[in-house]
Every structure is written in structure tokens, then in C-alpha cells.
Amino acid sequence: MSTTERRISHGTADLPDHVDVLVIGLGITGVGVALDAVTRGLSTLAVDAHDLAFGTSRWSSKLVHGGLRYLAKAQVGVAHESAVERGILMQVTAPHLTSAMPMLVPLMSSVSTFAATLTRGGFWAGDMLRRTARTSAQTLPKPRRISATETLRLAPGLRTDGLRGGLLSWDGQLEDDARLVTTVARTAAARGAHIRTRARVLSATGTSVELRDELTGETRTITAGTVINATGVWAGELVDEITLRPSRGTHLVLRGSTLPRLRVTVTAPVPGSTSRFVMVIPQPDDTIYVGLTDEPVDGDIPDVPTPSEAEIGFLLDVASAALAQPLRRSDVVGAFAGLRPLIDAGDGSTADISRKHAVLTSKTGVITIVGGKLTTYRRMAQDAVDAAVEAAGLVAGPCVTASTPLLGAASRAELARLEEPARLVRRFGTDAGLVLDNARAVSGLSDEELLAPATDLVPVTLAELIFGVTHEGAVDVDDLLDRRTRVGLVPADRELLVPLAARALELARTSH
């Protein structure tokens, strides 16, 4: 990245008075819209009152789903779309931020032969989705039945009584959801889009937005050819016509040492349901996530949702049923919850509401993109920009995001040949060298100090924190620890890293 390329910034200073496309919201859908619009040749501004990935986009399971769950509900179109978008992410746009995750259903005494046959049929249907989406078996291997011995080798902590084997399938896993948002935003900025955090929308129409700089208090109005609302569960606060039925999904965070040598995601069925599971998901940073719940949310939408003790207990109970040693409340070192922006399509529980997305136009002309899920963000952005361009009569090129690699992307073979530290390669791909070179130039410190893990349990480095400030728009410690990295998911770790994050901010600011 050259020093002349635009970078993520904050506030409202030095913005143009008019742009072709103005995007509200810097979650995965908003940054996806910004990238789609700017790569069509449209001048683009995308803003958020808080920060990148401040809302739902940082609270997912960090998986890139292929749509099997939707196929089970006969939502064939949603399932196929998910599989296609998963393939694009894993093979074209973000191989550096994705990996194949083995998913294991242990065949225990509680799983009947009929249930096992049904699950196996579902896995093969999922593999058919993979093939129709043209995703290589080298990217996502075919599902198979495995023996009890292999099952225990992949998941040593499983209950052995009555274990007769397992069903192994594959899905996509993200290095981190907030990292994907940040990378898409960086890519959009590098292409010429204005990406601004701390810029709150006070009011919006289809052709103008009043902004307030949350750091200075300055207000200003910017006109646009079209305004796109990509604020997820908060969409109804900008557009009265939007009715959503949010659902809360909670995850627990455990230390990797709680289930040593876990190499697969263990999928435990929820009693009484044929389509709901609790997943025990190992993470690249030696933590484990256990999730997730599906609870309807009524009333005001909080900025940061809070998991309930009932949800925590539910997740521990369902996961423990598959384990030799039950999980305890004291094993939980962190917990997080996100709100799904589900479209209210009638009666029924939130677990049964379709994950389809919709593009809606308000009376004032604001285009709202809502619904959907993280995996299909690119297609959601494409549909939103298509609708906005047509409604506003803008002159734009075709959508090219399906073939536009994000910054740092490369083939898996090329990524494997990189000599930079593995953590930086996983999080920045071919930009790993840029991250280290930048930290050297900014700080003047040795590689040993820049690349040292923050603690024995937290692999975050000073180099990536500095990059978060210089290239990724981080303004404060919260940005660095809660979104550019995910240290904040474990409060005890977060407290330990506050001084390191403050040091990164100081080094970056004094270097200018």
C-alpha cells in the first residue's frame, strides 16, 4: 500500500460536499456496499457513529456457512446463495482470512440410528451445495463417517460411553469477523472510498445526510446521488417503514486448555430439536467458543447486547452432554452476544425466520439493505447498489466484487510461502510484511519487541496494534482491543493489554 492511498479515518473534516453514494453503517454490509460502489466508479462515503464492526458484525460464530441449515428448511435459494458466497470468500476474495473447519457430530447413544441417517443425508446434501457452488474439494473436503478411534483423536474430550463413531463434514471458518470488516473497509478506502468512523447521522433522506463529528461536535450536511442504510438491527431508527424482529445469539469463551487438543468443531444437538445445535468451536488464538442461542429481543436495541445467565447455563448444559467432563461456569472466561437483524415476516419463533435479505426504499428515497447474514454480505451489497443506481439514475459500471481480492489476499500456496510470522499472515495475508515494516518505521523498535506475544495467553503483538492506528482508523484503546483485535472478549486479558494498546497509540501519534 502506498502512502498516497486513502486510509480509514474518523470525523467529518475534509469530506466532499457531495458524493454519488453515501453509506450509513460500517458493519460488514456497510463496508461491503462501500467497496461495491467505489469499484463501480462511484464516489463513495461510508460513515458510522461508532467504529468499524461496532455492532452485530463482531458477535458472530466466526464461521462462513454453506447454507445447510437453510436447505433443511427448504430455503433452497438462501442455501445456494450462502454456498456460492462461501466459495467466493474462501477461494477468491479472502483466502487469507478463511480456512476449512472440520465439523464433527459424535454418534453417541443419545443419537438414534434414524437421527444419524438424517444427519448424514444432510451432510451429503451440503456437499451437493458445495459442488453446485463450484467450490473445490481441496478447499472443503467431502463429508465422511469416521470411527470412534478417529473421533476421539480429533476431539479427545468427548464422552466415550456409547460412542460408535462420528460424522465429519467441513465448513468455512473466519480468522475473525471484525478483521474481515476491517479488511473490506481498508480495501474500499484503498480504492478511493471515504471511510469515516465517529460520524453520526442525525437525519437522512434519499439525497442528503446531516452528520455530527462525534469527536469535535461539528455538524454538516452532505448531499448524495443516493443514500444507503446499512445499519442492521438499527435500520428502523433511520427509516420508519422498517420492521425487524431481532434475535439474540450468545457465545461463551473458554480457554483452549479447557478442552486440550480439540481439532474440530463439535456439534451437539439441542434436545427436542432436529435443526438446532450447540457448537464447540476452537479458535486460532487458543480459545474456544461455545454457541449459540436464539432468543427474541423486545424493546430498545442496545449498542452492546448482554448475554443472560439463562443462555450461559443452556450452552454449558447442551455442550456438556457430549463431553466426558462437564463444563463449569468457572470455565467461562468471557461471553458475548449479537443481534441478528431478522425481517419480521409474520408469526413464528425467530429461529424459524428466513435469513433472506431485502432491499427496501423509504418514502424519502433512502435505500435500506437488511436481513441476511455475514456470509452473504457481498451479494447483499451488490443488490443494494444495483437498486440504488437504478433508482437514482447513476452512471456506474457492473459489480466486480466477486472477482476483486481484498487487500492481502493470495492463493493458499502463495500464503504458505510467506516468511513473516504465522499470526500476521493469518490476519493480514500478503500485507504481513507491510504491518511489520510500518511498525519498524513508526516505532524504531526491534522486531523482537514488535512481534513478542503480549502475554503467554494472548498472542497479540505491538506491530499489529500500531498498524491498527496508522492504517485501520483506530482512535482509542477500545478500537484496538475490542475490534482490531479481539482481546476484549476475555475481560481479564483486556485489562492486561490496556498499557500495550496505549503505547501503540502513543507511538503512532508521535511518529507523524
Side-chain angles (χ1 to χ4, degrees), residues 19-40 42 44-49 52-58 60 77-78 81-82 84-85 88-89 93 177 180-181 184-185 188 193 195 201 204-207 209 224-247 301 338-345 353-392 394 396 398-402:
V19 292
D20 294 327
V21 178
L22 198 156
V23 187
I24 307 170
L26 290 177
I28 188 58
T29 306
V31 296
V33 169
L35 179 59
D36 187 293
V38 76
T39 52
R40 297 192 196 208
L42 298 168
T44 303
L45 165 63
V47 300
D48 196 287
L52 299 171
F54 185 85
T56 304
S57 294
R58 60 173 161 146
S60 77
V78 176
E81 182 177 86
S82 296
V84 168
E85 294 302 319
I88 290 171
L89 267 167
T93 60
D177 46 11
L180 176 66
V181 175
V184 176
I195 309 292
V201 173
T205 70
T207 56
V209 162
T226 185
V227 173
I228 300 178
N229 175 15
T231 55
V233 290
W234 295 276
E237 295 180 7
L238 279 173
V239 178
D240 293 337
E241 298 98 316
I242 303 297
T243 303
L244 299 177
R245 192 174 176 189
S247 154
I301 304 298
L339 300 181
R340 306 174 184 90
L342 304 180
I343 302 169
D344 191 352
I353 296 178
S354 172
R355 299 306 298 275
K356 290 180 181 178
H357 62 268
V359 180
L360 310 170
T361 305
S362 75
K363 294 175 183 176
T364 66
V366 174
I367 304 291
T368 296
I369 175 69
V370 73
K373 53 195 177 297
L374 184 146
T375 303
T376 59
Y377 84 89
R378 191 210 62 81
R379 183 53 194 252
M380 293 171 66
Q382 177 181 340
D383 290 350
V385 177
D386 281 346
V389 165
E390 182 177 1
L394 298 174
C399 175
V400 296
T401 52

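These numbers come from a predicted model, not from an experiment.
Within the 3.5 Å criterion, the main-chain N or O of I28 finds a donor-acceptor partner in the side chain of S57.
Judged as a salt bridge (charged side-chain N to carboxylate O under 4.0 Å, His left out), and not counting sequence neighbours, the contacts of D177 are K62, R486. For A193, the side-chain contact (heavy atoms from CB on, under 4.5 Å) partners at least two apart in sequence or on another chain are V38, T44, A188, I195. Scanning for side chain to side chain donor-acceptor pair (under 3.5 Å) contacts around T231 gives N229, with sequence neighbours left out. Legend: residues meeting side-chain contact (heavy atoms from CB on, under 4.5 Å) with A384, ordered by chain and number and at least two apart, are V33, I228, I369. With sequence neighbours excluded, the residues forming a salt bridge (charged side-chain N to carboxylate O under 4.0 Å, His left out) with D386 are R40, listed by chain and number. Residues satisfying the side chain to side chain donor-acceptor pair (under 3.5 Å) criterion with R58, sequence neighbours excluded, are absent altogether.
The two residues G225 and T207 come nearest to each other via the heavy atoms O-CG2, 4.4 Å. Here the closest heavy-atom approach between residue A185 and residue L52 is recorded as CB-CD2, 3.8 Å. Summarising the geometry of G30 relative to V23, their closest heavy-atom pair is O-CG1, 3.6 Å, with the distance given to 0.1 Å. For the pair I88 and R378, the tightest heavy-atom approach, listed with the atom from each and the gap, is CD1-NE, 3.9 Å. In plain terms, the two heavy atoms of T93 and A402 that are nearest each other are CG2-O, 4.2 Å. Nearest approach of A204 to T364, heavy atoms of both residues: O-OG1, 4.3 Å.
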What verdict does the side chain to side chain contact (heavy atoms under 4.5 Å, CB included) test give for I367 and V359, after you've listed the backbone C-alpha separation in whole Å, the side-chain angles of each residue and the deciding distance to 0.1 Å?
CA-CA 7 Å; I367 304 291; V359 180; 3.6 Å; yes
Stepwise side chain to side chain contact (heavy atoms under 4.5 Å, CB included) check, K373 with V78
CA-CA 10 Å; K373 53 195 177 297; V78 176; 3.6 Å; yes
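T226 contributes atom OG1, which lies 9.5 Å from atom CG of L42 (distance to the nearest 0.5 angstrom). Annotation: the span from T376 atom OG1 to H357 atom NE2 amounts to 6.5 Å, rounded to 0.5 Å.
Side-chain contact check for V366 versus L238: every heavy-atom pair is 4.5 Å or farther apart. Taking the side chain as every heavy atom from C-beta outward, L22 and I24 approach each other to under 4.5 Å. Two residues are said to be in side-chain contact when any heavy atoms from C-beta on lie closer than 4.5 Å; V209 and V47 fail this criterion.
Here the rule is side-chain contact (heavy atoms from CB on, under 4.5 Å) with Y377, and of V181, L89, L35, D36 only L89 fits it.
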